[in-house]
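Only one structure is covered here, and it is reproduced in the block below.
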Amino acid sequence: MKKKSLVSLKQIADATNLSITTVSRVLRKKGEISEETRQRVMKVATELNYRPNLLIQGIQTGVTGNVGVMVPPCDFFWVEVLKGIHDGLAERDFAPINLWDESDLALADREAFMLKQMHRLIDRRVDGVILYPRVSEVYGSHLDELESRELPVVTL
């Protein structure tokens, strides 16, 4: 399958005869822009199927919009908890990244596995972490990893 190329701000700027800065301000809803200019940019962006590059925005702002969630869906109750977490985050324009614990491993192996999972979330620059109670016990010796990065942590 051929990878579809992404539309750049430059392409929109060229199509609208505006600067990249103006196009960026319109798409990010920053600064004062005339309604006519805003509509022109939005029309072209829609026609070109523009999608924002959230990776670049995360680098620029330091906010990724991602929250790590470590709550295994082990029964109907926890599936409902996950649904509530998902819905609450989505309403606030955040995306959950769900990672599971591995309860079948021996404790030492499980701690190493969970630290690896935690590093996966940190490496993706999540804005916070939600932990399942059982997971937080395993993380006891590793919570300083999250705290040292000033990541908010919520334990259910």
Side-chain angles (χ1 to χ4, degrees), residues 1-13 20-31 33 38 41-42 45-46 48-156:
M1 174 186 278
K2 183 181 176 187
K3 184 178 177 181
K4 192 173 185 178
S5 66
L6 298 175
V7 176
S8 69
L9 295 182
K10 182 175 181 348
Q11 289 171 293
I12 297 171
I20 293 173
T21 302
T22 299
V23 169
S24 175
R25 286 182 180 162
V26 169
L27 295 173
R28 290 183 301 124
K29 299 175 182 159
K30 300 286 183 190
I33 306 291
R38 190 190 70 71
V41 169
M42 296 308 293
T46 300
L48 295 176
N49 292 319
Y50 169 78
R51 297 297 310 151
N53 187 331
L54 298 180
L55 292 173
I56 296 298
Q57 285 182 13
I59 291 169
Q60 292 171 338
T61 65
V63 177
T64 64
N66 296 320
V67 173
V69 180
M70 301 198 69
V71 181
C74 46
D75 59 31
F76 182 75
F77 173 79
W78 286 105
V79 170
E80 287 297 307
V81 170
L82 280 172
K83 183 182 181 318
I85 291 170
H86 173 272
D87 292 350
L89 290 173
E91 285 175 12
R92 292 158 184 82
D93 203 25
F94 281 87
I97 298 176
N98 294 319
L99 297 177
W100 315 126
D101 73 355
E102 193 58 57
S103 57
D104 294 337
L105 295 175
L107 183 59
D109 293 334
R110 189 164 174 231
E111 285 189 14
F113 178 81
M114 297 309 288
L115 181 60
K116 185 176 179 180
Q117 294 289 62
M118 185 181 356
H119 285 155
R120 285 183 171 140
L121 295 174
I122 291 168
D123 294 348
R124 284 167 178 76
R125 303 301 192 257
V126 296
D127 297 324
V129 178
I130 299 172
L131 299 174
Y132 178 65
R134 186 177 54 179
V135 173
S136 65
E137 291 171 14
V138 174
Y139 274 158
S141 61
H142 305 305
L143 283 176
D144 61 330
E145 186 81 27
L146 298 173
E147 291 172 2
S148 71
R149 297 168 195 289
E150 298 181 359
L151 280 173
V153 176
V154 174
T155 303
L156 303 174

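Positions are given from 1 along the sequence.
Between V7 and Q11 the shortest heavy-atom distance is CA-OE1, 3.1 Å. Considering every non-hydrogen atom in both G68 and L121, the closest pair reads CA-CD2, 3.6 Å. The shortest heavy-atom contact between R124 and N66 is O-ND2, 4.3 Å. Contact between A13 and V23 at its shortest, heavy atoms only, is CA-CG2, 3.7 Å. For L9 against Y50, the heavy-atom pair with the smallest separation is CD2-OH, 3.9 Å. Residue P152 comes nearest to D127 through the heavy atom pair CD-O, 3.2 Å, listed as atom of the first residue, atom of the second, then distance.
Residues W78 and L82 fail the side-chain proximity criterion, which asks for heavy atoms closer than 4.5 Å. Looking at heavy atoms from C-beta onward, I122 lies in side-chain contact with R149 at the 4.5 angstrom threshold. Looking at L27 and M42, their side chains come closer than 4.5 Å, going by heavy atoms from C-beta outward.
Atom CD1 of I97 sits about 12.0 Å away from atom CZ of R120, to the nearest 0.5 Å. With rounding to the nearest 0.5 angstrom, the CG atom of N98 is 9.5 Å from the CE atom of M70. Put simply, CD on Q117 and CG on L99 are 4.5 Å apart, with the number rounded to the nearest 0.5 Å. Taking CG from N53 and CG from L6, the interatomic distance works out to 7.0 Å, rounded to the nearest 0.5 Å.
For the side chain to side chain donor-acceptor pair (under 3.5 Å) test, no residue two or more places apart in sequence or in another chain qualifies with D123. Every residue two or more places apart in sequence or in another chain that forms a side chain to side chain donor-acceptor pair (under 3.5 Å) with R38 is listed here: E35.
With a 6.0 Å radius and a threshold of 12 heavy atoms from other residues, nucleotides or ligands, D87 has its CG atom above the threshold.
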